[in-house]
Each structure stands twice: as structure tokens, then as C-alpha cells.
Amino acid sequence: MSERANMSRQPLFRSFTHSLFMSTSVRVRFAPSPTGPLHIGGVRTALYNYLFARKMGGKMLLRIEDTDQNRFVPGAEDYILESLRWVGIEIDEGQGSGGPHAPYRQSERKDIYQKEAQRLVDEGKAYYAFDTAEELDAMRKRLEEANAPAAQYNAITRMQMRNSLTMKPDDIRARIDAGEPYVIRLKTPRKEEVRLNDIIRGWVNVHSSAIDDKILLKSDGLPTYHLANIVDDHLMGITHVIRGEEWLPSAPLHVLLYRYLGWEDTMPQFAHLPLLLKPEGNGKLSKRDADLGGFPIFPLQWTDPVTGQVARGFREDGYLPEATVNFLALLGWNPGTEQELFTMDELIASFDLAQVHKAGARFDIQKAQWFNHQYVRQRPDAELAPIVQQQAEVAGFTCSAEKAEKIAALLKGRVNFARDIFNEATTLFQAPASYDDAIVAAKWNEDAKRAVTVFRDALRSFEGDFVADTIKNTLGDAMQQAGIKQGKIMQAMRLALTGLGAGPDLMLTMEIIGKGETISRLETALATLVAPAN
RNA sequence: GGCCGAUUCGUCUAGCGGUUAGGACAUCGCCCUUUCACGGCGGUAACACGGGUUCGAUUCCCGUAUCGGUCACCA
């Protein structure tokens with residue numbers, strides 16, 4: 001008795017403090033299930049929660065919803081934490097950060113849910129059910145054959161099933177004492193209109209007859225999502241539940257639960273976010289789309305601990321966190337202005353739940369690439385340099401920090417991904433091993449040969465700083481003296497130096513490879529290339 | 001199928017009774033340039049359909065269609 005009283009005191013106390021804080025402080029939570037890598041849609045949900053929390057000066061919580069022991073995947077929780085950290089979502093309270101409502105892992109809060117479920121049973125708002133999986137199947141089959149509107153365990157069918165509403169009290173006690181497995185089901189009212197005012201969607205009405213007698217507590221003693229999320233949101237003082245649209249159909253059930261648990265006056269407000277859809281075709285975005293389209297739908301790379309299969313991640317694919325966030329933020333929300341590029345602080349400043357779009361958004365990786373392009377070109381050269389340097393070293397070249405920085409400056413505006421800078425820069429490390437045949441045929445003629453020869457000679461006697469400006473002057477003067485129109489021979493010059501017909505600024509290219517290498521490449525070209533037959 | 005939700009250029013979206021229906025991505029063209037890009041400028045391109053309400057509907061209401069979600073001892 002005293003133990004029981006003691007147990008119920010804590011939640012009551014929390015409930016009281018909760019209502020005190022309610023009016024002054026927004027508290028939101030991101031509550032993923034550690035069943036694998038966090039989907040990019042989950043990251044967006046977390047982001048919207050975070051933006052809202054920061055905007056309102058509130059708190060962002062992280063709760064791990066691991067009430068399904070069968071679906072537990074090792075490493076998934078760490079993956080979630082690391083993903084949020086990578087995109088820059090800071091957790092104020094919760095798993096990994098601690099806080100006054102610990103533990104934040106639902107599997108460690110078992111007793112709390114059991115007590116609340118028991119309370120509902122005691123108050124006649126829920127009941128024990130002993131039906132086996134086979135009996136449930138049989139019931140559904142029977143109802144389907146009878147063309148019942150809905151094959152569900154509800155106010156009508158519950159009286160034909162094996163539960164504490166149909167069985168004798170002694171029998172019930174005996175079965176429980178004997179350890180027979182049972183679940184606790186919500187006694188959903190037969191006729192009742194359940195209303196809910198969604199921040200994004202407005203009023204949503206559902207008749208209770210459409211809600212079945214949901215299982216609240218499973219036979220393994222753990223709660224289902226429905227019970228756990230209500231109990232925790234209440235105890236943790238959550239003021240706004242911002243989650244995916246897939247929860248909208250069960251939201252009325254949640255309202256009912258708040259009511260039955262006696263917490264309706266402090267019930268959080270709901271906001272159901274639109275879903276992320278496949279780039280083309282029907283349905284929601286899935287891993288299959290990622291494999292097919294060759295793009296990531298997970299924030300970080302993930303290796304399945306069982307199959308060893310690797311799923312690509314935004315981070316490993318070269319997306320910058322700020323680009324990922326910017327892209328995600330605008331997938332379903334927009335401030336109504338024409339601004340496209342936002343820092344996290346700017347997102348926070350302009351974010352508004354009421355402006356979240358209602359319809360699902362197709363996932364368009366091209367837009368993500370464009371955002372990445374914007375952020376790559378904005379990045380200081382010094383920050384891009386180490387990436388270039390590392391790739392160069394992996395490829396077997398030596399590359400000074402200075403050179404890497406120059407390369408970054410030369411190429412960052414041309415690429416979508418930082419790693420493509422090096423891919424476009426190979427001619428800056430290596431003399432051409434071959435020459436583009438089409439360009440040779442079109443541009444390598446007597447004038448070109450003479451131009452390259454004259455320029456080489458000019459460089460041999462060149463003194464001073466070998467930089468773009470002086471190189472340009474040297475080339476210009478040499479061509480003028482030789483009576484050659486510069487425009488006519490530039491592609492041949494590029495061909496001689498890089499073997500290619502296209503590329504970044506040639507003067508800067510020469511500056512980066514240096515005078516000696518420039519002369520050497522020109523000589524090699526003169527020795528190797530023959531003019532076409534005419 | 002029942003229930004819930006949604007529906008503006010190919011895509012992301014602005015619009016909240018009267019607009020030449022705006023922006024961005026993509027696409028096309030032009031300019032810039034030694035080239036390819038980048039960048040700049042410009043073009044093509046949308047209110048799902050049918051009824052109402054209204055002097056007037058992209059906007060409000062009702063149907064239809066289509067799409068999405070959901071109907072587990074998963075979240």
C-alpha cells in the first residue's frame with residue numbers, strides 16, 4: 001500500500017511542476033526508435049522540432065523509443081546521436097545529454113508505463129485481454145467474411161473475446177497468477193467524437209468507432225508506442241508534439257488517452273508534418289529509391305550489423321551539414337520570402353510551424369546538390385585545402401598546404417562537392433599522359449606549334465614572380481612579337497599543358513604547376529604531338 | 001476496402017476574393033570567357049475536374065478524380 005502510494009507520488013509531483021512550466025516554456029522532443037539508421041525524413045522532423053524550440057526559447061529533448069525488443073539494432077542509438085550532432089541539432093535534455101526526467105530510454109522506464117496501464121484498468125478505462133494470436137486472426141477472418149465494416153477489436157467485438165470484460169474475476173485472477181500472458185487494451189468508447197486541433201492542419205475530427213481497442217501494454221510487459229509516448233510526453237512536460245504525418249490517424253487515440261489518464265488540460269499541441277515522397281512514382285521515400293537513384297537518404301553511412309550491407313550517407317557522399325540542413329528545412333517549409341540560403345540561426349529566426357506546407361514533398365536530390373554547390377563555393381579556401389591535400393596524398397601525390405589552397409580557390413566555384421575539386425585538378429599534379437584526339441585534330445597546327453615554341457622560349461628567359469598576371473603578360477607579349485592572334489592558339493596551349501580541351505583558368509593553372517613544369521610540358525607536347533596531315 | 005489527410009510550372013514552393021499567378025531547382029537560349037564550367041540576363045512551363053457562394057474565385061463550400069498516410073502484442 002505504502003509502496004503504491006509512493007510510486008504514484010512522483011508522477012503527480014512532476015505533473016504539477018509540468019503545468020507550472022507549461023505557460024512559460026516550450027518543450028519539444030525528438031523520439032526516434034533505434035531500429036536502424038535514422039531516415040533523412042527523421043532528421044527533418046528533428047530539425048523542425050529543434051528550430052521551433054530555439055525560436056521559442058524552449059528546450060529540445062531526445063527520447064529513445066525502444067519498446068520493441070525484437071527490432072532493437074545495435075549501434076542505432078549511437079547513429080542517431082551522431083547524426084544529430086553532425087547536422088548541428090543540439091539536444092538540451094535527454095538520451096546522451098541527461099536531465100531531470102532521466103532515464104530517457106523507454107526500455108528503462110517500464111515500471112512507469114505499467115503503473116499507468118494498471119491505473120486505467122483499475123478505473124475501468126482499460127482491460128486485460130488473453131486472446132492468443134490465433135484467436136485474433138480467427139476473429140478478423142470471421143469479421144471479414146461477415147463483411148463487417150472494420151475487422152477490429154472494439155466496443156462491439158470485445159464482448160466476444162477472452163478478456164476481463166467477459167470473464168469471471170476469479171478466472172482472471174487465476175490466469176494472471178498462473179503467469180498466463182496477457183495484454184492491456186484501451187476500452188475505446190463506442191460513440192464519441194474526438195477532436196484535435198493540429199497546428200498545421202487545423203481541426204481533425206474522428207469518430208471513436210474508427211479507433212479500435214489498442215493494446216497499451218504488451219504481453220512482454222513493455223508498452224506500445226501509444227501508451228509510452230503519452231506517458232512520457234506528459235511526465236517530461238512536452239508542450240508541442242511535432243512528428244510525421246504517419247501519426248495523424250492515431251492522434252485521436254492519443255487525445256483519448258490524455259483524457260483517460262486525466263491529463264487533457266495539459267495535453268501538448270500537435271503538429272503533423274508532411275511526408276517525404278519518392279523522387280518519381282508513387283509512395284514515400286524509401287531505401288530502394290536511394291539505391292536506384294544513386295543518392296543517400298540517410299544522414300550518415302550505415303553498415304547493417306547483420307547483413308553487412310552498406311547504405312550511403314549524406315556526410316560520406318560529400319554533402320556539407322549546412323547544405324543538408326538548408327535543403328531539408330525547405331522541404332515542406334518556407335518563410336514566404338524569396339530567401340533560399342539560410343544559416344541555422346537564420347532558419348531559427350524565420351521558422352514558423354504555421355507555415356509548414358500540408359502536402360507531401362518529393363525528394364529532389366538535384367536541389368540538394370545545388371545547395372551543396374552554394375556552400376562549397378562559400379567555404380574559405382583554407383578549409384577546403386585539407387580535403388584536396390588528403391585526396392592528393394591518397395592518389396600518390398605530394399601537395400603542400402599552399403598548393404591545396406590555390407587549387408581550392410581555382411576550382412571550388414565549379415563543383416558541387418568538395419571532393420570534386422581534386423577530381424578536376426589531376427592535371428595540376430600530373431603531366432598529360434595522352435592528348436585529347438579531337439582537340440589535337442582541331443587545334444594543333446603550324447601556328448599552334450610556333451606559338452608554343454615562342455612561349456616556351458619566352459618562359460626560359462622569364463624572371464620574377466611566376467604568377468598568373470606576369471604569365472599572362474609574358475604570353476601576350478610573346479604572341480604579339482610573333483604576330484600570332486592569342487585567341488587562335490589558346491586551346492592548343494591548353495592542350496599542350498593539360499592534354500585536354502577544357503578546364504579552369506590557364507594562367508592560374510601554370511602558376512600552380514610552376515615555371516619548370518610548364519616549360520617541360522610545353523616541350524613534351526612539341527616533341528610528341530604531330531600536326532594533322534594537312 | 002474503412003478512416004484521416006493532401007492537390008499551384010517536371011520538382012520544391014509563394015499566394016491567404018480582384019496579381020501580367022512570384023521565386024528557386026531542373027531545362028532551353030543569350031552574354032561573359034582562351035575552353036568547359038561558374039556567374040549574369042532572358043525564355044518555355046502550373047492553379048486536377050465539376051458544381052455552387054460571390055459583382056468577381058487559384059483563394060471559401062460541396063462533390064468527383066488522383067495521390068499520400070493508416071488500419072500489428074512496429075514505431
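From a predicted model like this one, the values you see are computed outputs, not experimental measurements. Here is the naming used below: chain letters follow the sequence lines, and residue numbers restart at 1 for every chain.
A salt bridge does not link A/Arg29 to A/Asp232: none of the charged side-chain nitrogens sits closer than 4.0 Å to a carboxylate oxygen. Using a 4.0 Å cut-off between a side-chain N of Lys or Arg and a carboxylate O of Asp or Glu, A/Asp137 and A/Arg140 qualify as a salt bridge. Using a 4.0 Å cut-off between charged side-chain N and carboxylate O, A/Arg109 and A/Asp111 make no salt bridge. A salt bridge links A/Glu77 and A/Arg105; the closest N-O separation between the charged side-chain nitrogens and carboxylate oxygens is under 4.0 Å.
Each of B/rU35, B/rC73, B/rC38 was ranked by its minimum atom distance to the side chain of A/His373; first place goes to B/rC38. Closest contact between the side chain of A/Gln152 and the listed nucleotides B/rU35, B/rC71, B/rC73 involves B/rC71. Across B/rU11, B/rA75, B/rU70, the shortest atom-to-atom separation from the side chain of A/Arg362 is found for B/rU11. Nearest nucleotide to the side chain of A/Asp505, out of B/rU34, B/rC3, B/rC67: B/rU34. The side chain of A/Arg414 approaches B/rA37 more closely than any other nucleotide in the set B/rA37, B/rU35, B/rC4.
Across all strands shown, A/Leu330 has heavy atoms under 4.0 Å from sugar-phosphate atoms exclusively, and none from any base. Within 4.0 Å of A/Asp131, counting heavy atoms only, lies at least one base atom of the nucleic acid. Within 4.0 Å (heavy atoms only), A/Val183 reaches at least one base atom of the nucleic acid. Here A/Pro34 lies out of heavy-atom contact (under 4.0 Å) with every strand.
Separation of the C1' atoms belonging to B/rA26 and B/rA57 is 31 Å when rounded to the nearest angstrom. Of the C1' atoms belonging to B/rC12 and B/rU27, the separation is 16 Å, rounded to the nearest Å. If you take atom P in B/rU7 and the same atom in B/rC60, they sit 10 Å apart, rounded to whole Å. With C1' as the reference atom, B/rG51 and B/rG43 are 37 Å apart, rounded to whole Å. Spacing of C1' atoms, B/rU59 relative to B/rA21, comes out at 11 Å, to the nearest Å. Rounded to whole Å, the separation between the P atoms of B/rG1 and B/rU11 comes to 25 Å. Taking atom C1' on both B/rU19 and B/rC25, the two are 24 Å apart, rounded to the nearest angstrom. When the P atom is compared between B/rA14 and B/rG23, the two are found 15 Å apart, to the nearest whole Å.
A/Lys412 contributes a side-chain N or O that, together with a main-chain N or O of A/Arg379, makes up a donor-acceptor pair within less than 3.5 Å. A/Asp131 contributes a side-chain N or O that, together with a main-chain N or O of A/Arg162, makes up a donor-acceptor pair within less than 3.5 Å. One N or O on the side chain of A/Thr45 and one on the backbone of A/Gly41 form a donor-acceptor pair closer than 3.5 Å. A donor-acceptor pair under 3.5 Å is formed between the side chain of A/Asp66 and the backbone N or O of A/Gln106. For A/His373 (side chain) and A/Val415 (main-chain N/O), a donor-acceptor pair under 3.5 Å exists by modelled atom type. A donor-acceptor pair is defined here as one N or O able to donate and one able to accept, closer than 3.5 Å; such a pair exists between the side chain of A/Asn372 and the backbone of A/Gly318.
Distance, A/Glu135 CD to B/rA72 P: 17 Å, rounded to whole Å. Between the CG atom of A/Leu196 and the C1' atom of B/rC3 there is a distance of 14 Å, given to the nearest Å. Taking atom NZ on A/Lys472 and atom C1' on B/rU34, their separation rounds to 9 Å, with Å as the unit. Put simply, CD on A/Glu144 is 15 Å from P on B/rG1, counting in whole angstrom units. Computed from coordinates, the A/Leu273 CG to B/rG68 C1' distance equals 15 Å when rounded to whole Å. Straight-line distance from the CZ atom of A/Arg71 to the P atom of B/rC73: 13 Å, rounded to whole Å. Rounded to a whole Å, the CD1 atom of A/Ile471 is 16 Å from the P atom of B/rU34. As a whole-Å value, the separation of A/Asn326 CG from B/rC12 C1' is 12 Å.
Within a heavy-atom distance below 4.0 Å of RNA chain B, the residues of residues 241-257 of chain A found are A/Glu245, A/Glu246, A/Trp247, A/Leu248, A/Pro249. Listed in residue order, the members of residues 484-497 of chain A having a heavy atom less than 4.0 Å from RNA chain B are A/Met490, A/Gln491, A/Arg494.
By the 30° and 60° cut-offs, the orientation of the rings of A/Phe417 relative to A/Tyr319 is perpendicular. Using a 30° and 60° split on the angle between ring planes, A/Phe130 and A/Tyr128 fall in the tilted class, from 30° to 60°. Ring geometry for A/His254 versus A/His226: interplanar angle of 30 to 60°, hence tilted.
The side chain to side chain donor-acceptor pair (under 3.5 Å) contacts involving residues 477-500 of chain A comprise nothing, where partners must be two or more places apart or lie in separate chains. Listed by first then second residue, pairs satisfying salt bridge (Lys or Arg N to Asp or Glu O under 4.0 Å) with a partner in residues 272-282 of chain A read A/Lys278-A/Asp289, not counting sequence neighbours.
Taking only side-chain nitrogens and oxygens, A/Lys218 comes nearer than 4.0 Å to OP1 or OP2 of B/rA75. Contact check, A/Thr67 against B/rA75: a side-chain N or O comes under 4.0 Å of OP1 or OP2. Side-chain N/O atoms of A/Lys284 include one lying less than 4.0 angstrom from OP1 or OP2 on B/rU70.
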5' to 3', nucleotides 16-31 of chain B under a 4.0 Å protein heavy-atom cut-off (B base, S sugar-phosphate only, - none) gives ------SSBSS-----

Classify every nucleotide of nucleotides 60-65 of chain B by which part a protein heavy atom approaches to under 4.0 Å, writing B for the base, S for the sugar-phosphate alone and - for neither, in 5'-to-3' order.
------

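Nearest-nucleotide mapping onto RNA chain B: of A/Pro274 and A/Arg377, the residue sitting toward the 5' end is A/Pro274. Each of A/Pro181 and A/Ala359 was matched to the nucleotide of RNA chain B holding its nearest heavy atom; the match closer to the 5' end belongs to A/Ala359.
Checking B/rG63 for Watson-Crick or G-U wobble geometry (two distances, each under 3.5 Å) identifies B/rC49 as its partner. The partner of B/rC3 is B/rG69, judged by Watson-Crick or G-U wobble contacts that both fall below 3.5 Å. In a base pair of the Watson-Crick type (N1 to N3 plus N6-O4 or O6-N4) or a G-U wobble (N1-O2 and O6-N3), with each distance short of 3.5 Å, B/rU11 is matched with B/rA24. The partner of B/rU19 is absent, by the rule that a Watson-Crick or G-U pair needs both atom distances under 3.5 Å. In this entry B/rU54 has no Watson-Crick or G-U wobble partner, no candidate having both defining distances under 3.5 Å.
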For A/Arg63 and A/Asp233: C-alpha separation, side-chain torsions, deciding distance, then whether salt bridge (charged side-chain N to carboxylate O under 4.0 Å, His left out) applies.
CA-CA 10 Å; A/Arg63 188 171 68 223; A/Asp233 284 347; 2.8 Å; yes

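Judged by a 6.0 Å distance limit and a 45° cone about the ring axis, A/Arg377 is not positioned over the six-membered ring of A/Tyr375. Judged by a 6.0 Å distance limit and a 45° cone about the ring axis, A/Arg185 is positioned over the six-membered ring of A/Tyr153.
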